[in-house]
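Inspection log for the structure reproduced underneath, given as structure tokens.
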Amino acid sequence: MIIAIDGPAGSGKSTTAKKVAAQLNLMHLDTGAMYRAVALHILNQDMTKSHIHDHGFITQILDKIEIEFSSETNKIFLNGKDVSVEIRENRVSEFVSEVSAISLVRERMVLLQREIAAGSNVVLEGRDIGTRVFPNADVKVYLNADVNERGQRRFKELVKRGEEITLDEVIQDIELRDLKDSSREHSPLEKAKDAIEIDTTKLSIDAQVNEIVSLIQTNNKTGV
Ligand code: DC
């Protein structure tokens, strides 16, 4: 069974997907973390940012990258190193939209996502799961929320992690990422026609989780 949860930054995808997966004993795959790992790897290279438009450089990077997940601990490993915390740093958030717009990167990540999910019961969260990665997913959900609310959520997370940043900067970054993610040429962020949209602006995480769990359970009973 494949559950697709898509939506913009800060819409509550990660927390919700994690809890839905835990409640129903499904695997959880955070596909944004994969793009973040690629972005981190590129940032760690000796290069200028213009390199990312160089086909040969990106091919080399992708050939050297190994991304693994531990579904028990929800950790992500980049070439054997646990980068679960590092990929959330603001320098990665600021750069990741550019990296995820590169078609070579997307092709490789989509293949990997399909490979990891093959034959399993998985909740995948991202931007293009219901439209591109698994257009035949059993349940498709599109989470959305007001940009100020999304900014507040991200801001709280970053402050907790000790980053020095203002709420305005976080909101600006989210608006810019929304624009880049939804206007890019390859698999832009968009709601699949058959996805159920949930506005999480005023919803608690538990309410979001309950709504999605009941959608999945109804789908399971009817076998739609
Ligand atoms: O969900 P997130 O904020 O961790 O995602 C990081 C970036 O990765 C986001 O700016 C868009 C990109 N992304 C994507 O293009 N496709 C996905 N399936 C998941 C994330």
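This chain uses plain numbering: 1 for the first residue, then up along the sequence. Counting starts at 1 for both ligands and their atoms, in listed order.
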Run the salt bridge (charged side-chain N to carboxylate O under 4.0 Å, His left out) check on Arg88 and Glu157 step by step: do they pass? CA-CA 10 Å; Arg88 305 286 160 200; Glu157 268 174 38; over 6 Å; no
Arg177 neighbourhood, listing ligand 1 atoms whose heavy-atom distance to it stays under 4.0 Å: 3 (O), 6 (C), 7 (C), 9 (C), 10 (O)
Side chain to side chain donor-acceptor pair (under 3.5 Å) between Asp168 and Thr166, intermediate numbers included: CA-CA 5 Å; Asp168 278 354; Thr166 65; 5.6 Å; no
Ligand 1 to Ser100, heavy atom cutoff 4.0 Å, flagged ligand atoms 11 (C), 12 (C), 15 (O)
Measure the distance from atom 20 (C) of ligand 1 to every protein heavy atom, then report the residue, atom name and distance (to 0.1 Å) of the closest one. Gly32 CA, 3.5 Å
Taking all non-hydrogen atoms of both residues into account, name the closest pair between Lys191 and Tyr142 and its distance. CA-CD1, 3.6 Å
Distance from atom 11 (C) of ligand 1 to nearest protein heavy atom, with residue and atom: Asp181 OD2, 3.4 Å
How long is the straight-line distance from CD1 of Ile174 back to CG of Leu179, given to the nearest 0.5 Å? 13.5 Å
Lys/Arg N to Asp/Glu carboxylate O, Asp173 vs Arg154, below 4.0 Å: no
Starting from atom 4 (O) of ligand 1, what is the nearest protein heavy atom, named by residue and atom, and what distance separates them? Arg36 NE, 2.7 Å
Assess Met109 for proximity to ligand 1: is some non-hydrogen atom of it under 4.0 Å away? no
Just wondering, are more than 12 heavy atoms of other shown residues or ligands nearer than 6.0 Å to CG in Asp63? yes
Considering distance alone, does some N or O of Asp128 sit under 3.5 Å from an N or O of ligand 1? yes
Which atoms of ligand 1 sit under 4.0 Å from any heavy atom of Arg88? 4 (O)
Only one of Glu149, Arg153, Glu211 passes side-chain hydrogen bond (donor to acceptor under 3.5 Å, both in side chains) with Thr200; say which it is. Arg153
Can you get from Ile196 to Ile205 by hopping between Ile, Leu, Val, Met, Phe, Trp and Tyr side chains that sit under 4.5 Å apart? yes
Stepwise side chain to side chain donor-acceptor pair (under 3.5 Å) test for Arg36 and Ser100: CA-CA 8 Å; Arg36 284 173 178 272; Ser100 62; over 6 Å; no
Measure the distances from the heavy atoms of Lys180 to every atom of ligand 1 and state whether one is below 4.0 angstrom. no
Of the protein's non-hydrogen atoms, which lies at the shortest distance from atom 8 (O) of ligand 1, and what is that distance? Tyr35 CB, 3.7 Å
Ionic contact status for Glu86 with Arg91, cut-off 4.0 Å: yes
Counting only nitrogen or oxygen atoms and a 3.5 angstrom limit, does Arg106 reach ligand 1? yes
Which atoms from ligand 1 have a heavy atom of Ser97 less than 4.0 Å away? 10 (O)
Does at least one non-hydrogen atom of Arg184 fall below 4.0 angstrom from an atom of ligand 1? yes
Taking both backbone and side-chain atoms of Thr31, is any N or O found less than 3.5 Å from an N or O belonging to ligand 1? yes
Is there a polar contact, in the sense of an N or O pair closer than 3.5 Å, between Glu125 and ligand 1? no
Considering heavy atoms of the protein only, find what lies nearest to atom 9 (C) of ligand 1 and give residue, atom and distance to 0.1 Å. Arg127 NH2, 3.3 Å
